[in-house]
Amino acid sequence: MRCRLLIADLGTSSLKVMIMGGGGQVESSTSEPVLTYTEGKRHEQKPAEWWKSFKKACRTLHNQGTGLDVDAVVCTGQMEDFIPVKDGLADTAILYSDQGGSRRLQNRHLASDAVTAVTGNDWKSTTPLMKWLADEAPEKWERVLFGSKDYLIYCLTGVSVCDPVNGTVTGMMNIHTRTWDEQLWNGTGISYRQLPLLLEPEDIAGYVLKEVAVQTGIPAGTPVCCGLGDGGAVTLAAGFQAGGDSGYAYAGTTGWAAVPADTLAMSKEGSVFHLAAPQKGQFIKIMPLLNMGNVHQWAVHTWCGHGNFEEFEKLAAEPKAMPESLVFIPYLNGERNPIVDEKARGAFIGIDSQVDESHMARAVLEGLAFSLKQVFTQAGLASSSLFLVGGGTKSRALRQIVADVFQCRVQVSAEQERLAMFGAAACGWKAVHECSWEEAGKALRGIDHRDIIVEPDVSKKEILVKKERLFAEAARRMRGIFDV
């Protein structure tokens, strides 16, 4: 399966653009920084700067001698943005992390359980974007976009689109039919005509305009795929590369477990969020963790002055005589899984006179691994291998500890920075060749990624099983302790 693609990934901190050759090899790539403007609780970016950076990236590739005559353009990027468009221009993009504005929707036409039945998620997790739409005087804008990649598509083709993965987080899409559902926003002042066209990730959104061809060097008439939000793209790539359907674990600043699902199942305890999967009729079940890389970074700065990461790696790697009773509860910022407790805080349990900083450093990483395993257990999953992604995978110590705690092989993509782009590439292959997702997945697996494989240390199984039980019991008993 051969096709040449231009792939763009517009994230919160950078824009990456690459040309993938007919055999799946990366011919050339470049990146540009993305600026975020903060004022108090407001977190915004400038869409005009996105487009300027994209054009610059295209020129850079051209100057490197890379031709931009491709079979298709496909984009991915940050999700859950609010990008109002007026007279063809977008002055601002309000990010998902923004806490400004009232974000108060006083009531819905539907009861909360009815909202859940249609959207697949609870009331709180499906209203933020709709609140922005209702708050920000919808009569003042012509249309709205919900993702950074959608703005690039709008500039390239003049067409406003959204994919079902990102459509899920708007609170306005029926997750079962993958269409906008007007009953969800009745009484808000929002008009159907202001919403983007919902397309499947592999659908052609439009074609590169003549004036855009002059600005970018991409030939006019080149097909532009709808693509998908980065959450869906990473899930797609992780599933294809891992060669299975057991999901993956993300260890970034925060963390989550993501698993494919054929049906929706709300959690009685903990927080579970559902996304429409790239594949029709399927879903992605997300179980988020508020504490992961942020806790790792806290530990590095606490025990290794000036944030010396390598020093912390050595400290946590293999301390002598690790106490069997020492566990760390990593809830520095509250937690959402396996239970929801915003007031939860972290704690060391089982400290005795033999405990030193190396023991505590390792206990921190073990606590993070126990948290990850808890959400997989919550999802009823057990596997002989685990696909691990995110910035936390740079830690050799954390990779090994996760393998030891899960007692399974851990597979880490060597292409962490490009993982979402490989997921987007699958959409491009499917569009160009009109093939199945399975065939697109085979093409993706055919690329030599030289993944990192970490095998578990079976000699640690017994002690870690005991510590995991202690971790779970300590976390359970601490629930509500900080409510006083």
Side-chain angles (χ1 to χ4, degrees), residues 4-21 25-38 43-70 72-83 85 89-98 145-157 166 205 208-209 211-219 222 224-231 233-234 237 252-253 390-391 394 413 415-425 427-428:
R4 196 163 181 268
L5 302 171
L6 186 151
I7 306 170
D9 178 7
L10 180 48
T12 54
S13 60
S14 68
L15 164 71
K16 296 183 285 289
V17 180
M18 75 177 184
I19 300 294
M20 180 173 283
Q25 76 280 9
V26 178
E27 292 184 9
S28 187
S29 64
T30 187
S31 64
E32 294 290 331
V34 172
L35 299 179
T36 299
Y37 299 88
T38 60
H43 292 182
E44 301 181 17
Q45 293 182 352
K46 302 298 182 184
E49 294 180 3
W50 293 345
W51 181 235
K52 182 178 179 180
S53 294
F54 179 81
K55 292 187 290 185
K56 182 179 178 181
C58 289
R59 289 195 300 270
T60 298
L61 293 175
H62 176 76
N63 293 337
Q64 291 173 351
T66 304
L68 302 185
D69 50 331
V70 294
V73 175
V74 58
C75 303
T76 183
Q78 57 181 288
M79 299 166 56
E80 205 173 342
D81 295 336
F82 171 66
I83 310 169
V85 179
L89 300 174
D91 292 329
T92 188
I94 301 173
L95 306 188
Y96 66 91
S97 57
D98 188 284
L145 302 173
F146 297 122
S148 58
K149 63 94 179 171
D150 298 326
Y151 184 75
L152 293 182
I153 294 171
Y154 182 70
C155 291
L156 286 164
T157 67
N166 199 20
V208 174
L209 300 170
E211 58 269 29
V212 173
V214 175
Q215 299 173 37
T216 63
I218 306 170
T222 300
V224 179
C225 299
C226 177
L228 72 174
D230 53 8
V234 170
T253 302
K394 296 176 182 177
S413 174
E415 296 282 3
Q416 290 290 319
E417 297 298 321
R418 293 173 175 168
L419 202 56
M421 302 178 85
F422 285 122
C427 300

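By convention here, the first residue in the shown sequence is residue 1.
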Restricting to non-hydrogen atoms, name the atom on [X] and the atom on [Y] that form the minimum distance, rounded to 0.1 Å.
X: Ala233; Y: Ala424; answer: CB-N, 4.2 Å
X: Ala93; Y: Pro47; answer: N-CD, 3.7 Å
X: Ala72; Y: Cys225; answer: CB-SG, 4.3 Å
X: Gly77; Y: Asp9; answer: CA-OD1, 3.7 Å
X: Ala425; Y: Met20; answer: CB-SD, 3.9 Å

Say whether, by atom type as modelled, one donor and one acceptor occur between the side chain of Thr76 and the main chain of Met421 under 3.5 angstrom.
-> no
Any donor-acceptor pair under 3.5 Å linking the side chain of Asn166 with the backbone of Phe146?
-> yes
Any chance you could lay out the salt bridge (charged side-chain N to carboxylate O under 4.0 Å, His left out) test for Asp69 and Arg4, step after step, and finish with the verdict?
-> CA-CA 8 Å; Asp69 50 331; Arg4 196 163 181 268; 3.3 Å; yes
Any side-chain heavy-atom pair of Phe54 and Thr216 under 4.5 Å | yes
All side-chain hydrogen bond (donor to acceptor under 3.5 Å, both in side chains) counterparts of Thr66, not counting sequence neighbours | Ser28
Does Thr12 have any side-chain hydrogen bond (donor to acceptor under 3.5 Å, both in side chains) partners at least two apart in sequence or in another chain, and if so, which?
-> none
Going through the distances and angles, do Leu145 and Asp81 end up as a side-chain contact (heavy atoms from CB on, under 4.5 Å)?
-> CA-CA 8 Å; Leu145 302 173; Asp81 295 336; over 6 Å; no
Separation of Met18 CE from Leu6 CG (nearest 0.5 Å) = 9.5 Å
Just distance, no hydrogens or angles: give the donor-acceptor pairs under 3.5 Å from side chains in residues 147-155, sequence neighbours left out.
residue, atom, partner, partner atom, Å
Ser148, OG, Leu10, O, 2.8
Ser148, OG, Gln78, N, 3.2
Lys149, NZ, Asp163, OD1, 3.2
Lys149, NZ, Cys226, O, 2.6
Asp150, OD2, Gly147, N, 3.4

Could you walk me through whether Val70 and Leu5 pass the side-chain contact (heavy atoms from CB on, under 4.5 Å) check?
-> CA-CA 5 Å; Val70 294; Leu5 302 171; 5.7 Å; no
Please indicate whether Lys394 has more than 12 foreign heavy atoms, meaning atoms of other residues, nucleotides or ligands, lying under 6.0 Å from its NZ.
-> no
